[in-house]
**Student:** 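Pasting in a structure now, in structure tokens, and then I'll have a few things to ask.
Every chain is numbered from 1 and lettered A, B, ... according to where its sequence line falls, protein lines coming before strand lines.
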Protein chains: 2
Amino acid sequence: MKCRVSENPSRSEAYRLLEEGIRKRSLIVILACCSASYEGRARSSLGAGERLIVIKPDGTFMVHQDRKVDPVNWQPPRSRCRVYMKQKSLFLESIRRSPEERLEVELHEVHLISFYLPRDMHELTVSGHESDMGDMIIMHPHLIEPGFRPVAREYATSSGFIDILGKDENGSLMIIELKSRKAGVSAVKQLRRYVDEFRDDQVGVRGILVAPSITHDALEMLEDEGLEFREIEPPRELKSNRGVTLDNFL
Amino acid sequence: MKCRVSENPSRSEAYRLLEEGIRKRSLIVILACCSASYEGRARSSLGAGERLIVIKPDGTFMVHQDRKVDPVNWQPPRSRCRVYMKQKSLFLESIRRSPEERLEVELHEVHLISFYLPRDMHELTVSGHESDMGDMIIMHPHLIEPGFRPVAREYATSSGFIDILGKDENGSLMIIELKSRKAGVSAVKQLRRYVDEFRDDQVGVRGILVAPSITHDALEMLEDEGLEFREIEPPRELKSNRGVTLDNFL
DNA sequence: GAGTCTATCTCGGAA
DNA sequence: TTCCGAGGTAGACTC
């Protein structure tokens with residue numbers, strides 16, 4: 001593990017270390033009093049303060065304050081970083097192309113610089129998502145109701161993709177909208193858009209919102225619109241087999 | 001600046017440092033080979049790998065890989081963090097209430113631990129050029145407008161500290177917000193919060209944003225809110241005499 | 001590239 | 001506290 005640390009480096013030493021760290025595409029961590037200005041999709045300026053600066057090998061650039069999860073200023077992966085001196089001041093600059101964005105950080109006082117070359121090994125697996133809910137319903141259609149038959153998944157409409165399209169035991173079209181968390185009014189609006197597209201053309205269209213729970217306002221709107229709600233918990237187990245398709249049903 | 005660093009600490013030394021850092025609500029930065037498991041709104045597990053771990057004074061907990069802006073695992077502000085040993089292994093745990101979520105990180109090998117106590121945010125914004133601007137205005141109130149009289153400095157409200165509080169020649173309350181760099185919408189919002197606190201109680205409250213320049217959006221918002229802008233350059237020279245008080249004016 | 005959708009979205013403001 | 005909308009959303013995926 002190549003790891004280098006320098007406490008309270010001089011300006012010239014900080015410059016040298018940062019130049020080397022950037023050139024070698026290291027993961028760089030800086031604790032410093034700094035100010036920042038950003039210009040691109042928006043514009044911002046940040047006064048002097050103690051901050052944590054992180055530069056990743058993929059070009060990600062972050063300025064973190066002492067609170068919140070999100071960085072106060074940042075640049076996405078593939079941004080180009082460089083360090084330079086201007087009138088005795090030390091600057092870090094990160095530039096992104098398309099859209100053109102520029103973040104400039106002035107380092108007033110550097111308390112700590114550390115950098116090293118990490119290699120990440122394992123990927124993260126997460127479950128509890130909408131796709132897992134979809135898999136579960138495709139495999140167990142009775143969770144929606146007895147006689148429900150899925151017909152299509154991710155069905156494209158001009159309003160977006162319908163999670164699951166199917167028919168009930170009477171042959172009525174059923175539009176299923178999945179949410180892995182508590183459903184709000186936005187979910188109902190989304191479902192309503194899908195249903196409206198089909199209601200124009202034919203009768204007997206049912207819209208079903210599937211979620212572990214629903215807000216009060218959303219439930220009211222749902223009932224006003226003549227739509228239905230199914231309380232279903234998303235699966236919590238990690239799936240290794242992620243290839244469930246509709247082949248069995250078509 | 002209290003700042004402590006330890007390279008390649010032993011397990012017991014790492015434990016001691018982390019316990020102290022958490023207890024003192026420091027900003028903690030760890031470079032380590034670790035694995036993580038999360039359970040809450042969703043569930044995830046992350047195999048061993050070199051990662052950057054950041055624990056903020058507000059309870060924010062982040063595990064960063066060597067790419068992407070977003071952390072691979074995290075907990076939001078106000079989460080509770082603790083360190084413990086279990087069967088010779090070193091663990092970090094961060095727990096959130098409502099919704100109940102738990103993130104556990106096993107530290108296989110710690111390369112670097114550093115933590116420090118960033119000074120209070122208020123102190124930070126006051127230090128540097130902003131306080132010099134304040135000094136300058138206290139000494140030359142006419143810079144704001146003829147007849148302006150400063151009354152209080154760093155006046156505490158429930159929304160934060162008002163840079164300068166004063167009265168105009170008609171006796172109307174004036175709230176001055178200083179920015180040493182180009183002011184953005186956040187500065188306007190900040191000023192608006194202060195003004196709102198007083199507008200509730202009395203009439204004739206004026207809010208003045210003082211900065212060397214202002215963004216287009218900020219100026220628009222400022223005018224919509226009935227607030228005012230004064231273009232003032234911060235003094236170029238940093239002052240060593242930092243003890244300007246309001247005694248002369250009270 | 002541009003467009004769409006998900007997310008442990010985060011975050012701030014309001015009821 | 002919960003709910004709701006905004007975001008430099010980021011990130012993944014399709015076309």
**Student:** Using heavy-atom distances to pick each residue's nearest nucleotide on DNA chain D, tell me which of B:Val69 and A:His216 is more 5'.
**Tutor:**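 Its nearest nucleotide being more 5', the pick is A:His216.
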**Student:** Of B:Asn73 and B:Arg192, whose nearest nucleotide on DNA chain C comes first from the 5' end?
**Tutor:**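 By nearest-heavy-atom nucleotide position, the 5'-most residue is B:Asn73.
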**Student:** Tell me: CG of B:Asp196 to P of C:dG12, nearest whole Å?
**Tutor:**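 From B:Asp196 CG to C:dG12 P: 17 Å.
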**Student:** Looking at the side chain of A:Asp70, which of C:dC11, D:dG11, D:dG8 is the nearest nucleotide?
**Tutor:**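 Of the options given, the side chain of A:Asp70 lies nearest C:dC11.
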**Student:** Looking at B:Arg102, I'd like to know if its CZ atom is crowded, meaning that more than 12 non-hydrogen atoms belonging to other residues, nucleotides or ligands lie closer than 6.0 Å.
**Tutor:**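 More than 12 within 6.0 Å, yes.
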**Student:** Considering only the C1' atoms, how many Å lie between C:dA14 and D:dG8, rounded to the nearest integer?
**Tutor:**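 Per the computed distance, 25 Å lies between those C1' atoms.
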**Student:** Hey, does A:Phe161 reach any base, or is it just sugar-phosphate, or nothing, if we go heavy atoms under 4.0 Å?
**Tutor:**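 Sugar-phosphate only.
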**Student:** Report yes if a side-chain nitrogen or oxygen of B:Ser98 is closer than 4.0 Å to either non-bridging phosphate oxygen (OP1 or OP2) of D:dT2; otherwise report no.
**Tutor:**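 For B:Ser98, the contact criterion (side-chain N or O under 4.0 Å from OP1 or OP2 of D:dT2) is met.
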**Student:** Have a look at A:Glu100 and say if it touches a base, only the backbone sugar-phosphate, or nothing, with a 4.0 Å heavy-atom cut-off.
**Tutor:**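 It contacts nothing in the nucleic acid.
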**Student:** To the nearest angstrom, how far is A:Met133 atom CE from C:dC5 atom C1'?
**Tutor:**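 Going from CE in A:Met133 over to C1' in C:dC5 covers 16 Å.
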**Student:** Rounded off to whole Å, could you give me the OH-to-P distance for the A:Tyr38 and D:dG7 pair?
**Tutor:**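 Nearest whole value for this atom pair: 13 Å.
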**Student:** Record whether the side chain of A:Glu39 comes under 3.5 Å of the base of D:dG8 through a donor-acceptor pair of N or O atoms.
**Tutor:**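 Such a pair does not exist between side chain and base.
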**Student:** Starting at the 5' end of DNA chain C and moving along, which residue's nearest nucleotide shows up first, B:Arg193 or A:Asp163?
**Tutor:**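 Looking at the nearest nucleotide for each, A:Asp163 comes out on the 5' side.
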**Student:** Calculate the interatomic distance between B:Asp217 atom CG and D:dG8 atom P; express it in whole Å.
**Tutor:**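 Distance check: B:Asp217 CG to D:dG8 P gives 11 Å.
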**Student:** At 4.0 Å (heavy atoms only), tell me whether A:Pro76 reaches a base, stays on the sugar-phosphate, or touches nothing.
**Tutor:**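 The residue A:Pro76 makes base contact.
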**Student:** Distance between the C1' atoms of C:dT8 and D:dT14, in whole angstroms?
**Tutor:**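 Roughly 25 Å separates the two C1' atoms.
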**Student:** Is there a donor-acceptor contact under 3.5 Å from the side chain of A:Glu93 to the main chain of A:Cys81?
**Tutor:**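 Side chain of A:Glu93 to backbone of A:Cys81, a donor-acceptor pair under 3.5 Å: no, none is there.
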**Student:** Between atom CZ in B:Arg41 and atom P in C:dA7, what is the gap in whole Å?
**Tutor:**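 Distance check: B:Arg41 CZ to C:dA7 P gives 12 Å.
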**Student:** Using a cut-off of 6.0 Å, state whether more than 12 heavy atoms not belonging to A:Arg25 lie near its atom CZ.
**Tutor:**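 Atom CZ in A:Arg25 is not crowded, with 12 or fewer foreign heavy atoms closer than 6.0 Å.
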**Student:** B:Lys68 has an atom NZ; how far is it from atom P of D:dT9, in whole Å?
**Tutor:**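 One finds 17 Å between P of D:dT9 and NZ of B:Lys68, rounded.
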**Student:** Quick one: is A:Trp74 getting a side-chain N or O under 4.0 Å of the D:dT9 phosphate, OP1 or OP2?
**Tutor:**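 No, outside the criterion.
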**Student:** For A:Arg67 and C:dT10, give me the distance from atom CZ to atom P, rounded to whole Å.
**Tutor:**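 Taking atom P of C:dT10 as the reference, CZ of A:Arg67 is at 16 Å.
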**Student:** May I ask you to evaluate whether A:Thr215 reaches the phosphate of D:dC4, defined as a side-chain N or O under 4.0 Å from OP1 or OP2?
**Tutor:**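 The answer is yes; a side-chain N or O of A:Thr215 sits under 4.0 Å from OP1 or OP2.
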**Student:** In terms of the nearest nucleotide of DNA chain D, which residue is placed more toward the 5' end: A:Ser44 or A:Thr60?
**Tutor:**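 The residue mapped nearer the 5' terminus is A:Ser44.
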**Student:** Which part of the nucleic acid does A:Pro77 contact within heavy-atom distance under 4.0 Å: base, sugar-phosphate only, or nothing?
**Tutor:**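 Counting heavy atoms under 4.0 Å across all strands, the contact made by A:Pro77 is with sugar-phosphate only.
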**Student:** Taking only the C1' atom of each, what is the distance from C:dT6 to C:dT10 in whole angstrom?
**Tutor:**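 Roughly 14 Å separates the two C1' atoms.
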**Student:** Heavy-atom count check: over 12 atoms from other residues, nucleotides or ligands less than 6.0 Å from B:Arg82 CZ?
**Tutor:**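 Yes.
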**Student:** Are any of the side-chain heavy atoms of A:Ser89 and A:Phe91 separated by less than 4.5 Å?
**Tutor:**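 Yes, at least one pair of side-chain atoms sits under 4.5 Å.
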**Student:** Just N and O in the side chain of A:His129: are any of them under 4.0 Å from OP1 or OP2 of C:dT8?
**Tutor:**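 Checking A:His129 against C:dT8: at least one side-chain N or O falls below 4.0 Å of OP1 or OP2.
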**Student:** Can you establish whether the number of heavy atoms outside B:Arg97 located under 6.0 Å from its atom CZ is more than 12?
**Tutor:**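 Not buried by this count: 12 neighbours or fewer within 6.0 Å.
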**Student:** In whole Å, what is the span from the CZ atom of A:Arg96 to the P atom of D:dG11?
**Tutor:**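 It works out to 10 Å between those atoms.
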**Student:** So if I take every side-chain heavy atom of A:Val185 and compare against C:dT8, D:dG5, C:dT10, which nucleotide ends up nearest?
**Tutor:**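 For A:Val185, the side-chain atoms sit closest to D:dG5.
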